[in-house]
There are 2 protein chains.
Amino acid sequence: MNRDYTTAIPDAWQNIAQVFTALGDEHRQRILLTFEPGERLNVGQIVEVSTLSRSAVSHHLKILREAGVLDSEKIGKEVYFWLNKKQIRESLVAVMDYLKTQ
Amino acid sequence: MNRDYTTAIPDAWQNIAQVFTALGDEHRQRILLTFEPGERLNVGQIVEVSTLSRSAVSHHLKILREAGVLDSEKIGKEVYFWLNKKQIRESLVAVMDYLKTQ
DNA sequence: TCTATATAACCAAATTTTTCGACATATTGG
DNA sequence: CCAATATGTCGAAAAATTTGGTTATATAGA
C-alpha cells in the first residue's frame, strides 16, 4: 500500500487530471462530439448547436482548452477551436502505461 | 459539424463518461494511486492513509465502483477493493478508437 | 473614426458535489 | 444472544462548479 496519499499525484499526472476532469462533464463531451473529423469550429457555431448560453459554452471551452483537449486560434473576430488529438492521446497513453505496471 | 447535440452521446460512451468523471477528482486519483500492483485494500486501510473522513472515502469508493474503475468483494466484516484494469483499459481504448476516426 | 460583431471576463444566483457526524446494518467472537 | 468492529446510508452544511446576464475588449467594415 502506497501511504504518501498527499503527495501521491506525480507531476506527469497533473495534466492528466485536468484532461479527465474536462472529459468528465456531459456538456463538454457533447461539445467534443460536435466536431467532425478534422473540423474547426468557432464559438458561435458551438453555441448554435448547444442548449446552453454563450457564457456557459465559453466557460466549458475554456476548461477544455486549459486541459489541452482543444486548441484554439483567433482569426479575425472569431476564435476557432479544434481537437488536440495528440494531447488527448498522450493522457490516455500515460494511464495505459500506468496500468501496465499494475 | 454534428448538430444533434442533445443525442450526441452514444450508448457506449455512457460508461466512459462515468469513468472520466471518476478519474477527474483528485481524491479519487489519490485513492487509485494508493494501490500497489495487484493489491487489494479494504476501506479501513484506505481511510487510514487518506485525509478524509470515513464517509467521504466511502462516497468516493462508491463512485469509483459504480464507474467500474474499482471492483469490490466483501470478506467477513471487511470490503476489499481492487483496480478493475480491464474496465479502465476498455474506456481508454474506446476514446483512442474514437480519436482514430477524427 | 464610428458601428456592428465575436468573444472573453466578471459577477451573482442556481445547482451539484463533497464532506462529515450520526445512525443503521452486517458479521464475528465470546 | 450480546458486544465489538467494519462498512454503508442519511441528512444537512460547506464548498465547488455551472449558468446566464452584463460589461469589456478586439476586430472588421463603412
Side-chain angles (χ1 to χ4, degrees), chain A residues 1 5-6 8-9 14-15 17-35 39-82 84, chain B residues 1 5-6 8-9 14 17-35 39-82:
Chain A
M1 177 170 56
Y5 185 84
T6 52
I9 300 190
Q14 295 299 341
N15 181 256
Q18 276 189 295
V19 171
F20 281 112
T21 299
L23 299 182
D25 176 88
E26 187 170 310
H27 280 295
R28 292 192 284 268
Q29 288 180 6
R30 290 185 192 286
I31 288 173
L32 295 181
L33 293 168
T34 299
F35 287 83
E39 196 174 32
R40 296 186 173 206
L41 298 172
N42 64 43
V43 180
Q45 292 175 302
I46 297 168
V47 170
E48 189 192 337
V49 299
S50 97
T51 58
L52 299 174
S53 72
R54 199 160 36 73
S55 358
V57 170
S58 185
H59 163 74
H60 289 303
L61 289 174
K62 184 179 184 179
I63 288 176
L64 288 165
R65 180 157 39 75
E66 285 178 354
V69 168
L70 292 181
D71 254 349
S72 66
E73 182 187 8
K74 183 166 188 174
I75 298 182
K77 276 180 298 193
E78 281 130 13
V79 176
Y80 284 86
F81 286 84
W82 64 93
N84 184 344
Chain B
M1 179 170 55
Y5 185 84
T6 54
I9 300 189
Q14 296 298 340
Q18 276 189 293
V19 171
F20 281 112
T21 299
L23 299 182
D25 176 87
E26 187 171 310
H27 280 296
R28 292 193 284 270
Q29 289 179 6
R30 290 186 193 284
I31 288 173
L32 296 180
L33 293 169
T34 299
F35 287 83
E39 196 174 33
R40 295 186 175 205
L41 297 172
N42 65 41
V43 180
Q45 293 174 301
I46 297 167
V47 170
E48 190 192 335
V49 299
S50 97
T51 58
L52 299 174
S53 72
R54 199 164 44 73
S55 356
V57 170
S58 186
H59 163 74
H60 290 304
L61 289 174
K62 184 179 184 179
I63 289 176
L64 289 165
R65 181 159 38 75
E66 285 179 353
V69 169
L70 292 180
D71 255 348
S72 66
E73 182 188 9
K74 183 167 188 173
I75 298 181
K77 277 180 296 194
E78 282 131 11
V79 176
Y80 284 85
F81 286 84
W82 64 92

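Values reported hereafter were calculated over all heavy atoms of this structure, with side chains retained and with hydrogens, waters and symmetry mates removed. Letters A, B, ... mirror the listed sequences (proteins, then strands); counts begin at 1.
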B/K62 NZ to C/dT17 P, straight-line distance once rounded to whole Å:
13 Å
With a cut-off of less than 4.0 Å, is there a side-chain N or O of B/S53 near OP1 or OP2 of C/dT19?
no
Return the minimal non-hydrogen interatomic distance between A/W82 and A/E39, and the atom names on each side.
CB-O, 3.7 Å
In whole Å, I'd like the distance from the NZ atom of B/K77 to the C1' atom of C/dT27.
7 Å
Nearest-angstrom distance from the residue atom CG of A/L41 to C1' of C/dT7
15 Å
At their closest point, which heavy atom of A/H60 faces which heavy atom of A/R28, and how far apart are they?
ND1-NH1, 3.1 Å
Any side-chain N or O of B/H60 less than 4.0 Å from the OP1 or OP2 oxygen of C/dT17?
no
Within the structure provided, determine whether A/H27 and A/V57 are in side-chain contact (heavy-atom separation under 4.5 Å).
no
Nearest heavy atom decides the nucleotide; on that basis, is A/T51 or A/G76 closer to the 5' end of DNA chain D?
A/T51
Without decimals, in angstroms, what is the distance between B/I75 CD1 and C/dT27 P?
13 Å
For A/L61, answer base if it contacts any base atom (sugar-phosphate contacts may also be present), sugar-phosphate if it contacts only those atoms, and nothing otherwise; contact means non-hydrogen atoms under 4.0 Å.
nothing
Between atom CD in A/E26 and atom P in C/dT16, what is the gap in whole Å?
12 Å
Here the distance between atom P of C/dT17 and atom CZ of B/R28, to the nearest Å, is 10 Å
Selection from C/dT19, D/dG20, C/dA6 that lies nearest to any side-chain heavy atom of A/L52
D/dG20
Side chain of A/E78: nearest nucleotide among D/dT19, C/dA6, D/dG8?
C/dA6
How about B/L64 and B/F81: do any of their side-chain heavy atoms sit closer than 4.5 Å?
no
Contact under 4.0 Å: A/R54 side-chain N or O vs D/dT19 OP1/OP2:
no
Would you state whether a donor and an acceptor, one from the side chain of A/S55 and one from the base of D/dG21, lie under 3.5 Å apart?
yes
CG of B/D25 versus C1' of C/dT18: gap in Å, rounded?
9 Å
Quick one: is C/dA9 close enough that its OP1 or OP2 comes under 4.0 Å of any side-chain N or O from A/H59?
no
In terms of side-chain heavy atoms of A/V79, which of C/dA26, D/dT19, C/dT7 is nearest?
C/dT7
If we only count heavy atoms from C-beta on, is the B/I31 to A/Y5 side-chain gap below 4.5 Å?
yes
Atom-to-atom span, CD of B/Q18 to P of C/dT17 - whole angstrom
12 Å
